[in-house]
Amino acid sequence: MPVIVRFAPSPTGLIHVGNVRTALMNWLYAQSHGGQFMLRLDDTDVERSTQAFADGIKKDLTWLGLVHDLSARQSDRFNNYEEAIETLKSAGRLYPCYETGDELDLKRKLQRTRGLPPVYDRAALVLSDSERAALEAEGRSPHWRFKLSGAPVRWQDLVRGEVTIETSNVSDPILIRQDGSFLYTLPSVVDDIDFSISHIIRGEDHVTNSAAQIEVFKALGAEPPQFGHHPLLTGAGGEALSKRLGSLSIESMREGGTEPMALNSFLAKMGTSDPIEPRQQLEDLISEFNLSKLNRAPAKFDPQDLRALNAKLLHELPFEAVADRLKDLGVGGGAAFWEVARTNIEQISDMREWWKIISGEFDPIIEDAAWAAKAADLLPSSDFDDQTWQSWTSAIKESTGVKGRHLFMPLRLALTGRSHGPEMAKMLPLIGRDKARARLLGSAA
Ligand code: GLU
């Protein structure tokens, strides 16, 4: 059977690292099985779904390189869901219920005080026609529940192994709200059937849902796909990630200088038995991907760790991979400068700061002008190369008796305007003789 997987976000907000981790797992699964990846927009909630959020999701996925082969949007498919509704009704698996939200709350409270699980009691299932008519005459319109079998549902989960859910402990899920709108449960199954989805890979918050959905698949005469429920991503303190946490949105990460492959590498590796290391290509992640590497515990997302991985990735990137972006940032110096400065950056825009050292937009710091002038006089007149720093500083040491930190720090402060930064032996040839001399004599030129 061909592998077709889907990522199914609701366009009701910005997607965050947790959502994208699910997308990435699906994408990697598709790629590693020669399959296809579908982007499905779960926009049955027409009030809260917006085109802007849908566009944002596409932009985020494109930025990460998680290109989709197929796409669908639930709001285009209401007719298909209506058909499925009719099938379920005629099979006696969908029944109207008239309780208000408050009445259901009260039922649950009473069940809890009696130590019972808060499972819907199916009171509506035994209503007679005349009782239903009376409720409708009161002005109530029904919501509709799917009648679970009450039998255990079992599946071999790609992540969790054998799973059994006793549907007798689960409330019959509401498929249609009182206002006639669909909840996610049914449209998702109808789409999964119609688009021949072979594997559903999603967070473990959906495990109970899956049991109900497996019964819906069967009630619609379809074979359920395979399921894999991955442990969720939590905040550093173990808290659930929320769409409201803007700092974890992919948009803010992109704008904050996160490299797409740093995020991909991080999300592909965290919570697995593999070490978290940067990969420069998605292809590398495909070959290393396997759902069986996932740990069963939730993975904790710490933005600090991502920043560190981002830096590590940049430190290894070849010049060709960043040449255009450096140009856009106004950073020159070619491969030579990139290779000297890259180990000092956490994000690519940091290169601008270091480029100022070459371009001269800073004030040299000179503590001992006479000593600095002497150092300027000792600058070799020959072309500068990797050895120049070594021979020049030896000459200064010999001539002035100053050595170690007292020698190197004043030179660094004069030549770069700061106390730390890229290796001076490599920077000096890029700064060049004229600029070095001018700076030692106190001018930024
Ligand atoms: N829209 C659902 C969600 O975001 C999709 C879950 C699924 O993958 O079936 O939770």
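In listed order, ligands and their atoms are each counted from 1.
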For E361 and S359, test the side chains for any donor-to-acceptor distance below 3.5 angstrom and give the result as yes or no.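 E361 vs S359: donor-acceptor pair found between side chains.
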- Check whether the side chains of D42 and Q74 place a donor and an acceptor atom closer than 3.5 Å, and report yes or no.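 Yes, a side-chain donor-acceptor pair sits under 3.5 Å.
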Atom indices of ligand 1, in the order listed, that fall short of 4.0 Å to a heavy atom of [X]:
{"X": "D42", "result": "1 (N), 2 (C), 5 (C)"}
{"X": "A8", "result": "1 (N), 2 (C), 3 (C), 4 (O), 5 (C)"}
{"X": "S10", "result": "1 (N)"}
{"X": "R202", "result": "7 (C), 8 (O), 9 (O)"}

| request: Applying salt bridge (Lys or Arg N to Asp or Glu O under 4.0 Å) between D192 and each of R77, R40, R202, report the one that passes. | output: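 So the option named by the test is R40.
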Just need the protein heavy atom nearest to atom 10 (O) of ligand 1, so name the residue and atom and give the distance.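 Looking at atom 10 (O) of ligand 1, the protein heavy atom closest to it is H206 NE2, 3.0 Å.
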query: Looking only at protein heavy atoms, which one is nearest to atom 6 (C) of ligand 1, and how far off is it?
result: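 Here the closest protein heavy atom is Y184 OH, 3.2 Å.
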- Message: Using a strict threshold of under 4.0 Å (side-chain N to carboxylate O), is an ion pair present between K300 and D305?
- Response: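 Salt bridge: no.
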- Message: If you count heavy atoms of other groups shown closer than 6.0 angstrom to NZ of K293, is the number above 12?
- Response: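 Yes, enclosed.
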Margin query: Between ligand 1 and R6, can you find any atom pair, the residue atom being a heavy atom, that is separated by under 4.0 Å?
Written below: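 Yes; R6 lies near enough to ligand 1 that a heavy-atom distance drops under 4.0 Å.
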May I ask you to decide if the ring planes of F227 and W155 are parallel, tilted or perpendicular, using 30° and 60° as cut-offs?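 Ring orientation of F227 relative to W155: tilted.
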